[in-house]
2 protein chains.
Amino acid sequence: MVSDTSQHSAGHPAPKKKRVRDPEARRAAILAAARSVFAERGYAKATIREIAQRAGVTHGLVVLHFSTKEQLFLAAVPGTRDLADSVQGDAAGLAERVARAYVARMESADGADPFIALIRSAAADQDAAKALLRAMREESVNAYGTVLDRPDVPQRVDLVGAHLIGVTFSRYVLADGPLAAMSPEELTRYLTMTLAGILQGTPGRPPATG
Amino acid sequence: MVSDTSQHSAGHPAPKKKRVRDPEARRAAILAAARSVFAERGYAKATIREIAQRAGVTHGLVVLHFSTKEQLFLAAVPGTRDLADSVQGDAAGLAERVARAYVARMESADGADPFIALIRSAAADQDAAKALLRAMREESVNAYGTVLDRPDVPQRVDLVGAHLIGVTFSRYVLADGPLAAMSPEELTRYLTMTLAGILQGTPGRPPATG
């Protein structure tokens, strides 16, 4: 589906400066700039202007791609686009896929992820946190609903969200205790277990002891 | 073990004002005052002086009972004394006992619990939050270790703590979404399921799908 848009053979000279550079590269640069600005400033104090400057693009181009600061945050934070992609597949492997995607994303950010900034500033800026988590929840409910055949997907998705908020808080915000000391592989193994309990368990009934 | 310390029969007249009132009632009054002051002010801004005033006792008596503000907080917060008591019993029922104790305690506080204040102020006052959560974790590891026969009790206890932090954050701090909308009974049923997954699951392996 990728078409070659260069037109060297049509008799016109190539323009000195291409007006449209690779849109995907620009989008990636904006997202990388957004991640670092949100992580540094927190959601409330981050501005589209600073994100545009850091990405080397105009304010208008950021708005063209992402419309609002909230939309930009949602695109930049883990648990939305990446997590929605990783949700796809069979129900039995869902917990492991979500665990792997979460750990890979958080570890690659090395403590500078917008989700960490959101958790850190949520109490001080409750309205923004509520709106952002609500949007993340809605996207997640849609994605999980295509894989899980259960009537209580919204409840389970909210429990997954709460679980990952708590783990993020312990491991990355306070960075103290056994969770903070785990290797990424160990964390992935434990989260596969805990997320499976949330996604596949039966409310009110512990699983058969093993 | 309770001895009657009144001395009406020894020939001395009873003092007009009994010097030693019921110590358990005083202890309960101090804890109630501590809960309300910690919930209102957060951990960092709460003082033993204000707690003593609200309980109608002297500063010295609070120190006599609880030594330090940290010790007083740990005695007043759920997840320590009450939770340690509720841990006792058979391993198979542990998740349900912890779920019931957590929900009963948080619901009775009606949003004014020191644990909620701790989560709310943790990002702003990380050192206090780290010390308090570390102490709560140590007490919990000791209590759970008497019930669970597993080599990784510290890791599982930390996951339980992170889970309850995340649930507290969603239901009581942000107070938004499906978790916040659940009845106490529904929440207890879901937490029995999720805590069982954390306490009894096998790392790296989802449970058999049911």
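FYI, side chains are in, hydrogens and waters are out, and symmetry mates aren't considered; it's all heavy atoms of this structure. Within every chain, numbering begins at 1; the chains are lettered A, B, ... in the order of the sequence lines, protein sequences first and strands thereafter.
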- Query: Excluding sequence neighbours, so at least two apart, what forms salt bridge (Lys or Arg N to Asp or Glu O under 4.0 Å) with Glu186(A)?
  - Reply: none
- Item | Contact check, side chains of Phe169(B) and Leu133(A), non-hydrogen atoms, under 4.5 Å | yes
- Is the count of non-hydrogen atoms from other residues, nucleotides or ligands lying under 6.0 Å from Asp149(A) atom CG greater than 12? no
- Message: Do Ile198(B) and Tyr190(A) make a side-chain contact, defined as non-hydrogen atoms from C-beta onward lying under 4.5 Å apart?
- Response: no
- Message: Can you confirm whether Leu179(B) sits close enough to Gln155(A) that some side-chain heavy atom of one is under 4.5 Å from a side-chain heavy atom of the other?
- Response: no
- Query: Can you tell me how far the OG atom of Ser170(B) sits from the CZ atom of Arg137(A), to the nearest 0.5 Å?
  - Reply: 7.0 Å
- Message: Under the rule for salt bridge (Lys or Arg N to Asp or Glu O under 4.0 Å), what residues qualify as partners of Asp125(B), not counting sequence neighbours?
- Response: none
- Would you name the heavy atoms of Ala162(B) and Val167(A) that are closest together and state the gap between them? CB-N, 3.9 Å
- Task: Under 4.5 Å heavy-atom distance to chain B, tell me which part of Arg120(A) shows up: side chain, backbone, both or neither.
- Result: both
- Message: Between Leu174(A) and Gln126(B), does the side-chain contact (heavy atoms from CB on, under 4.5 Å) criterion hold? Intermediate values first, please.
- Response: CA-CA 6 Å; Leu174(A) 291 189; Gln126(B) 289 208 15; 4.0 Å; yes
- Heavy-atom check, side chain of His163(A) versus side chain of Thr194(B), under 4.5 Å: no
- Message: With a sphere of 6.0 Å drawn around CZ of Arg54(B), does it hold more than 12 non-hydrogen atoms of other residues, nucleotides or ligands?
- Response: yes
- Query: Under a 4.5 Å heavy-atom cut-off, does chain B meet the side chain of Arg156(A), its backbone, both or neither?
  - Reply: side chain
- Query: Which residue out of Asp152(B), Thr188(B), Leu94(B), Asp127(B) racks up the most heavy-atom pairs below 4.5 Å with chain A?
  - Reply: Asp152(B)
- Identify which of Asp176(B), Leu159(B), Ile165(B) forms the greatest number of heavy-atom pairs closer than 4.5 Å to chain A. Asp176(B)
- Item | Largest heavy-atom contact set with chain B, pairs under 4.5 Å, which of Glu185(A), Arg134(A), Met182(A) | Arg134(A)
- With a 4.5 angstrom heavy-atom cut-off, which part of Leu199(A) approaches chain B: side chain, backbone, both or neither? neither
